[in-house]
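Everything on this sheet refers to the single structure shown next.
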There are 2 protein chains.
Amino acid sequence: MESRNELDVFRQHLKKNHMRYTPEREQIIREIFSTHDHFDVESLYLRMRQKGLTISKASIYRIIPLLVDAELISEVYYEDGHMHYEHIFGHEHHCHMRCTRCRRIEEFTDPRLHLIEQELGERFGFQVKGHNMEVYGLCGECRQSES
Amino acid sequence: MESRNELDVFRQHLKKNHMRYTPEREQIIREIFSTHDHFDVESLYLRMRQKGLTISKASIYRIIPLLVDAELISEVYYEDGHMHYEHIFGHEHHCHMRCTRCRRIEEFTDPRLHLIEQELGERFGFQVKGHNMEVYGLCGECRQSES
DNA sequence: GTATCTGCAAACCCTTTGCAATAAG
DNA sequence: CTTATTGCAAAGGGTTTGCAGATAC
């Protein structure tokens, strides 16, 4: 398999499902993959507007599920009343360590999780597709400024 | 420390925060702890109404955060447009294995996760408070009926 | 008595959807 | 040309909130 970038993956996913590769869809995926950060609909919308792109929020809401289906992005967490997303394509699978006070997030990977995941699949008769682990607590800075 | 039940914990939490132990609050915590299942606001509301309790949804929405603060329950996942909760008090910490097709959920515990959590805390300088792990895939039944 | 709590209804906010115009293939 | 997509504005649905009356302490 030769190297494909996120645009290729998206185009292929759309073609397979008889959907069209529109300028709006290309603009969204380009914008999302222009950073490595988590994002949400509002911030994505504002970023695009600031760059002069005139996409509507309705389109963003309609296109994000396509990117999730294509396994280019995924939902990470629901907070402050709305969903947050992260990149999947081009990013090694990772888990999150979250500071419950300042909300800072560190990413980590641990090969033991994969092993555990496989064992659990056998124990419960599941065909395991993946896992997500979140570790939470107070980050170094917030520990010190604890009240 | 002698044994305290969820009502004692809640009463103490309320007293500490200059809040009051009302009939509505007692009814809610009794209802929640009458089963071991995950729940959401709507199902809790309906269950209480069916039992003739005349609490309002507004009160449920106001009381649930108090139970979360008291570490009696916690948010588990956001799905179908609303939050789902589970018991913490009286339940050994556990993680979830979720079928992505039928949404069936199995609970499991694995002592290695605690070890990993501690190691990560040291690596990132976090004071770790806990973790959540979710493993997802297809359960035994759904594997067989795969299209 | 005083501060908190409840129920109601309205407000809020994120998300979805109907529709008519537009555009991809 | 045919069918999918867009933007708009309105609708939807879960959650929050202002307020006046009720109640815990």
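Protein chains get the first letters and strands the later ones, always in sequence-line order, with residue 1 at the start of each.
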Please report, rounded to the nearest Å, how far the [atom2] atom of [N] is from the [atom1] atom of [X].
X: H18(A); N: dG25(C); atom1: NE2; atom2: P; value: 14 Å
X: R11(B); N: dC25(D); atom1: CZ; atom2: P; value: 10 Å
X: I64(B); N: dT16(D); atom1: CD1; atom2: P; value: 10 Å
X: R62(A); N: dA9(D); atom1: CZ; atom2: C1'; value: 12 Å
X: M19(B); N: dA24(D); atom1: CE; atom2: P; value: 16 Å
X: I60(A); N: dT17(C); atom1: CD1; atom2: P; value: 17 Å
X: L66(B); N: dC5(C); atom1: CG; atom2: P; value: 8 Å
X: K16(A); N: dA4(D); atom1: NZ; atom2: P; value: 18 Å

Specify the residue among G81(B) and Y21(B) whose closest nucleotide of DNA chain D lies further upstream toward the 5′ end.
G81(B)

Residue mapping more 5' on DNA chain D - nearest nucleotide basis, L14(A) or Y78(A)
L14(A)

Any [X] side-chain nitrogen or oxygen under 4.0 Å from OP1 or OP2 of [N]:
X: Y61(A); N: dT15(C); value: yes
X: R25(B); N: dT6(C); value: yes
X: S56(A); N: dT6(D); value: no
X: T22(B); N: dC5(C); value: no

Which comes earlier along DNA chain C counting from the 5' end, the contact point of A58(A) or that of P23(B), where each point is its nearest nucleotide?
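Nearest-nucleotide comparison on DNA chain C picks P23(B).
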
Would you say the side chain of Y77(A) lies within less than 4.5 Å of the side chain of H38(A), judging by non-hydrogen atoms?
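Of all side-chain heavy-atom pairs linking Y77(A) with H38(A), at least one is under 4.5 Å.
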
Lys/Arg-Asp/Glu bridge criterion (N-O < 4.0 Å) met for E26(A), R30(A):
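Yes, this pair counts.
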
Are D80(B) and R103(B) close enough for a salt bridge, meaning some N to O gap below 4.0 Å?
yes

Return the minimal non-hydrogen interatomic distance between R47(B) and E31(B), and the atom names on each side.
NH2-O, 2.7 Å

Closest to the S59(B) side chain: dT15(D), dT6(C), dT4(C)?
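Taking heavy atoms from C-beta onward, the closest nucleotide is dT6(C).
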
Regarding dT3(D), can its base be found pairing with the side chain of R20(A) as donor and acceptor, where the two atoms are less than 3.5 Å apart?
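Result: at least one qualifying N/O pair found.
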
Can you tell which of H131(A), K129(A), Q118(A) makes a side chain to side chain contact (heavy atoms under 4.5 Å, CB included) with V135(B)?
H131(A)

